[in-house]
4 protein chains.
Amino acid sequence: MKLSFNTWCYSSFPAWLPAYPIDYVVTHLAKIGYEGVELGCASPVAYPPYMSAEDRRKARRLLEENSIEVSSVLPAPGGGCGNNVASPIAEERRTAVRNYKDCVDLAADLGGKICLYVAGWVIYGVDQDQAWEWSKECLLEIAAHAKKRSVVMAIEPTPSDSNLIETPDDALKLMRETRLDNVKVMFDTIHALYRKDIAADYVDKMGPDLAHIHVSDLDRMPPGTYTDFTFLVDALKANGYDGYLAMEIGLSGRGVDPNVFAKKALQYMRSIL
Amino acid sequence: MKLSFNTWCYSSFPAWLPAYPIDYVVTHLAKIGYEGVELGCASPVAYPPYMSAEDRRKARRLLEENSIEVSSVLPAPGGGCGNNVASPIAEERRTAVRNYKDCVDLAADLGGKICLYVAGWVIYGVDQDQAWEWSKECLLEIAAHAKKRSVVMAIEPTPSDSNLIETPDDALKLMRETRLDNVKVMFDTIHALYRKDIAADYVDKMGPDLAHIHVSDLDRMPPGTYTDFTFLVDALKANGYDGYLAMEIGLSGRGVDPNVFAKKALQYMRSIL
Amino acid sequence: MKLSFNTWCYSSFPAWLPAYPIDYVVTHLAKIGYEGVELGCASPVAYPPYMSAEDRRKARRLLEENSIEVSSVLPAPGGGCGNNVASPIAEERRTAVRNYKDCVDLAADLGGKICLYVAGWVIYGVDQDQAWEWSKECLLEIAAHAKKRSVVMAIEPTPSDSNLIETPDDALKLMRETRLDNVKVMFDTIHALYRKDIAADYVDKMGPDLAHIHVSDLDRMPPGTYTDFTFLVDALKANGYDGYLAMEIGLSGRGVDPNVFAKKALQYMRSIL
Amino acid sequence: MKLSFNTWCYSSFPAWLPAYPIDYVVTHLAKIGYEGVELGCASPVAYPPYMSAEDRRKARRLLEENSIEVSSVLPAPGGGCGNNVASPIAEERRTAVRNYKDCVDLAADLGGKICLYVAGWVIYGVDQDQAWEWSKECLLEIAAHAKKRSVVMAIEPTPSDSNLIETPDDALKLMRETRLDNVKVMFDTIHALYRKDIAADYVDKMGPDLAHIHVSDLDRMPPGTYTDFTFLVDALKANGYDGYLAMEIGLSGRGVDPNVFAKKALQYMRSIL
């Protein structure tokens with residue numbers, strides 16, 4: 001198992017500040033000791049439409065020089081454009097698909113192998129089955145593109161924020177319906193905690209289809225702040241999991257020092273791995 | 001003075017849920033008793049690229065039938081694309097300008113006269129004076145476009161979220177540097193509270209250049225929850241202000257019922273006007 | 001890098017009690033292990049108009065005997081006379097300038113090389129640009145005097161208390177406008193925390209113009225109480241900083257034991273330096 | 001009984017901001033409904049050395065035009081100069097006496113009849129009896145001057161901040177020792193609350209020597225926030241008290257809106273008088 005750190009708290013999403021360019025982020029995370037970086041695809045760190053071929057070559061060199069790799073990528077949900085793949089607005093779904101493809105391409109260009117899939121949410125007036133179908137259609141199109149770039153799509157249940165894919169079973173069901181071998185599942189411990197579920201149980205449920213994990217304590221604090229994650233680690237070992245544990249933390253607003261969060265999370269995780 | 005309600009908490013920004021289409025929002029705000037609606041330009045309520053000419057005609061009819069007008073519009077800052085007009089990334093500034101122009105056009109198409117201007121923020125490695133210049137350049141281009149559509153740009157100090165335009169004096173200075181008569185200033189009471197400043201004093205400072213106001217109590221709660229706004233109203237009367245008071249509240253996350261917030265705010269504001 | 005301790009919490013400002021004479025303060029700080037003492041120029045520790053030439057000779061001897069030096073000085077802002085260098089009351093600005101010159105002289109008489117500059121605040125009815133000009137005029141006069149005594153003036157951003165010099169960029173801008181080589185900048189970590197900024201980033205921004213640092217955790221608690229300062233220390237090392245880290249803590253009122261605060265701060269700082 | 005409001009929270013002491021000139025303060029307090037204003041002698045409201053004869057004539061006219069009178073005055077304790085009348089530093093006692101005489105003169109020039117006396121505090125190394133003697137000497141000199149200007153000195157026990165005059169009995173003792181008929185006593189409810197004493201009992205104890213009262217709830221909040229002051233009012237009526245009740249509140253720092261505090265306090269006090 002390897003440790004990665006998600007870059008939202010270094011970017012202008014969801015809090016505008018503090019915000020850093022990708023060079024700062026990569027060099028600092030490598031120095032702190034991470035083996036991977038999870039690119040939250042938001043400016044100024046890594047918004048695909050702003051990154052030219054030359055920018056990507058430089059970023060790839062930067063990663064190599066610092067011996068750190070892209071563990072995974074994911075787009076920023078919300079914002080003006082919504083990015084809701086289950087939206088009744090067809091143009092929004094098209095925009096979301098385009099954004100996902102851009103993220104897949106960025107991952108591939110930088111050597112990344114996994115793109116997370118937030119399956120959208122049901123807005124007022126929409127039938128849940130219809131929302132599910134729209135989300136699935138989007139996923140099929142995105143995954144077909146991802147396949148060409150050798151990227152795996154990992155569906156994430158997000159019950160604290162949404163209302164469509166809430167459980168490991170929901171994620172597995174959507175995965176199976178796609179019948180695609182580059183669609184897998186993942187989970188974030190904060191969503192398990194939100195549902196008062198046991199994160200370790202998700203590992204058993206997802207088994208060999210578990211492609212990625214987000215680790216976060218309550219309130220997006222570093223793991224170990226409130227919660228004991230040793231049973232999660234035990235379950236992962238028993239399951240033979242050899243992917244990344246990506247810290248997706250520090251999203252509570254301006255005032256979070258990303259380096260401090262990264263360091264605290266690393267120290268705790270190393271102490272229990 | 002007229003009362004308006006901002007639509008962020010009805011949209012998928014910043015929280016994804018609950019989320020409503022524009023028909024729902026307009027009819028409910030009108031029924032609650034608002035004279036104006038402030039369009040936060042986010043899906044599914046009102047993201048300009050998703051709204052066709054036909055959509056806009058329908059929206060305009062809807063507003064007329066419900067006797068409610070568009071008091072103002074503003075784009076969603078942050079998200080993947082950042083929308084930071086003071087970003088060192090030229091493509092981000094271009095994107096932000098395009099988004100602002102889209103919002104101006106939406107305002108004009110629906111009969112609105114004011115577009116708010118969030119002047120961006122200084123990211124790591126950027127000089128504050130340089131950020132100011134970039135923001136001013138963007139504003140000049142947007143305001144020139146707004147001029148053609150008879151829309152006023154109102155610069156908003158946003159100290160709780162950013163680090164460039166923090167005070168009424170900053171906003172007035174940027175306004176004066178543009179030398180354009182359709183650039184004015186506005187303020188949000190929550191930012192005055194954040195700075196521990198007195199909102200009523202902002203009215204005296206901004207005087208005839210005050211084009212709009214956001215009213216919010218601490219934590220984006222309805223006005224009157226914690227704070228007494230009577231001195232603000234007194235200062236506005238003394239200043240001869242006849243614009244809108246727009247409630248920009250309920251942004252603290254999923255769980256906020258937009259209709260309940262809208263009703264509480266209206267009741268309090270009417271009791272002190 | 002050397003460690004110093006600010007004497008406010010040993011003086012009658014801002015809390016009247018506990019209060020100690022200078023002999024007590026110097027001997028105790030030396031014994032605790034500090035290499036420097038930062039004189040907050042308030043009675044009964046060190047109010048310049050109360051200190052005769054003989055008092056100063058004795059104080060100098062005392063410092064030498066205890067192998068501790070004056071790292072820096074600063075006047076007490078507020079009080080009846082205000083000491084606001086940006087006040088619209090001309091007599092107040094004259095008083096403030098006189099107080100600053102007294103502090104500079106005290107520094108020089110005791111072997112100190114740095115005087116901090118709190119650049120004042122904008123009261124109701126004053127234009128921010130005018131306040132800035134008044135503050136600059138005062139600084140020019142004070143700095144000319146300081147030059148003769150070989151004292152450097154270090155401008156401090158104080159956003160939690162004031163509204164004129166709030167950011168490192170503000171301080172650098174004021175510094176540059178003076179065009180004087182004995183005007184530099186400094187910062188206090190508590191003000192960076194107040195702004196939810198990252199203190200380490202201030203080091204990069206201020207670079208070679210950084211002349212001094214105040215270290216304080218939130219609520220003026222000893223560093224390490226809530227916040228991890230290791231990244232600040234890393235940034236200072238990378239910047240080649242060789243000045244003082246002065247603990248300006250324990251200002252929250254009567255009940256603070258200055259010696260206990262001094263000892264805790266020293267232990268933490270030594271553990272990360 | 002008449003209601004007055006203390007101006008600290010409109011001045012730069014103890015918090016620097018917000019701060020207002022005297023014209024603003026007088027007109028706003030009169031409009032809110034106060035019959036008196038208690039001048040905390042701090043800039044920019046009313047620092048005597050900054051107020052010329054012409055300034056005083058204008059202030060007197062302002063008071064008359066707004067039908068509000070100066071109920072009382074008091075100097076700012078602390079600050080660089082300490083103003084401790086029990087200080088072992090002779091120059092500090094001389095400075096404090098001069099400040100008190102300045103305040104007495106300001107009171108007289110503006111038609112005020114009462115100056116409060118904070119009797120100082122015992123610093124490290126000083127004997128309490130010696131401190132008492134120094135304070136008494138100062139008081140005798142100040143009171144002799146006040147006599148000529150027809151001003152009464154009112155001694156205030158200040159146990160929450162100091163350690164010399166802590167109880168009504170202490171204040172009465174010091175009063176009696178002066179054998180001067182223009183030396184009286186007063187108390188502040190917050191100090192009674194601090195000692196967990198009953199404010200109403202202080203009225204009985206001080207009887208005809210009670211010349212003034214400060215009303216404040218805990219944490220310097222408006223009366224009525226936490227505490228029921230009806231028994232205090234009953235005791236005052238029974239005692240035939242016909243002086244001022246001065247609200248000395250809102251000292252907890254920047255962020256207090258003085259007008260809101262003034263209004264809340266007035267509404268509560270009127271409801272129980």
Side-chain angles (χ1 to χ4, degrees), chain C residues 10-21 23-25 40-52 55 74-84 86-96 99 102-103 118 120-126 158 160-164 253-254, chain D residues 10-21 23-25 40-52 55 74-84 86-96 99 102-103 118 120-126 158 160-164 253-254:
Chain C
Y10 287 97
S11 78
S12 292
F13 170 84
W16 312 346
L17 288 171
Y20 301 89
D23 311 51
Y24 179 99
V25 178
C41 291
S43 193
V45 177
Y47 185 58
Y50 300 164
M51 297 178 76
S52 66
D55 289 338
L74 74 168
C81 63
N83 268 331
N84 179 6
S87 171
I89 302 169
E91 186 58 31
E92 179 169 354
R93 299 198 302 277
R94 277 193 291 273
T95 299
N99 286 345
D102 284 352
C103 291
V118 171
W121 51 94
V122 188
I123 79 160
Y124 178 89
V126 171
T158 52
S160 77
D161 302 316
S162 71
N163 54 8
L164 188 57
R254 191 180 172 184
Chain D
Y10 287 98
S11 79
S12 292
F13 171 84
W16 311 349
L17 289 170
Y20 300 88
D23 311 52
Y24 180 100
V25 178
C41 292
S43 191
V45 176
Y47 186 58
Y50 300 162
M51 298 178 77
S52 66
D55 289 337
L74 73 167
C81 63
N83 269 329
N84 178 6
S87 170
I89 301 168
E91 186 60 29
E92 178 169 355
R93 299 198 301 277
R94 277 193 290 275
T95 298
N99 285 346
D102 284 350
C103 291
V118 170
W121 51 93
V122 188
I123 79 159
Y124 178 87
V126 172
T158 51
S160 76
D161 302 316
S162 70
N163 55 6
L164 188 57
R254 189 179 173 185

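Order of the sequence lines sets the chain letters (A, B, ...), proteins ahead of strands, with each chain counted from 1.
Only the backbone of D:Pro49 comes within less than 4.5 Å of a heavy atom of chain C; no side-chain atom from C-beta onward does. In this structure, chain C has heavy atoms under 4.5 Å from both the backbone and the side chain of D:Pro77. If you measure heavy-atom distances from C:Pro75 to chain D, you find no contacts under 4.5 Å at all. Using a 4.5 Å cut-off between heavy atoms, C:Val25 makes no contact with chain D at all. Contacts between D:Ser11 and chain C at a heavy-atom distance below 4.5 Å are absent for every atom of the residue. Neither the backbone nor the side chain of C:Val45 comes within less than 4.5 Å of any heavy atom of chain D.
Of the residues considered (C:Ala76, C:Pro18, C:Ala42), C:Ala42 shows the highest number of contacts with chain D, using heavy-atom pairs under 4.5 Å. Note on C:Asn83, C:Thr95, C:Asn84: by heavy-atom pairs under 4.5 Å with chain D, the leading option is C:Thr95. Of the listed residues (D:Pro44, D:Ala46, D:Gly253), the one with the most heavy-atom contacts under 4.5 Å to chain C is D:Pro44.
Among all heavy-atom pairs drawn from C:Ile123 and D:Ala19, the shortest one is CB-O, 3.6 Å. Nearest heavy atoms, D:Asn163 versus C:Arg254: CB-NH2, 4.3 Å. Nearest approach of D:Tyr50 to C:Cys81, heavy atoms of both residues: OH-O, 2.7 Å.
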Stepwise side chain to side chain contact (heavy atoms under 4.5 Å, CB included) check, D:Ile89 with C:Ser43: CA-CA 9 Å; D:Ile89 301 168; C:Ser43 193; 3.7 Å; yes

Side chain to side chain contact (heavy atoms under 4.5 Å, CB included) between C:Trp16 and D:Thr158, intermediate numbers included: CA-CA 11 Å; C:Trp16 312 346; D:Thr158 51; 4.1 Å; yes

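Aromatic ring orientation, C:Tyr20 versus D:Tyr124: tilted (interplanar angle from 30° to 60°).
With rounding to the nearest 0.5 Å, the separation of CG in D:Asp55 from CD in C:Glu91 is 11.0 Å.
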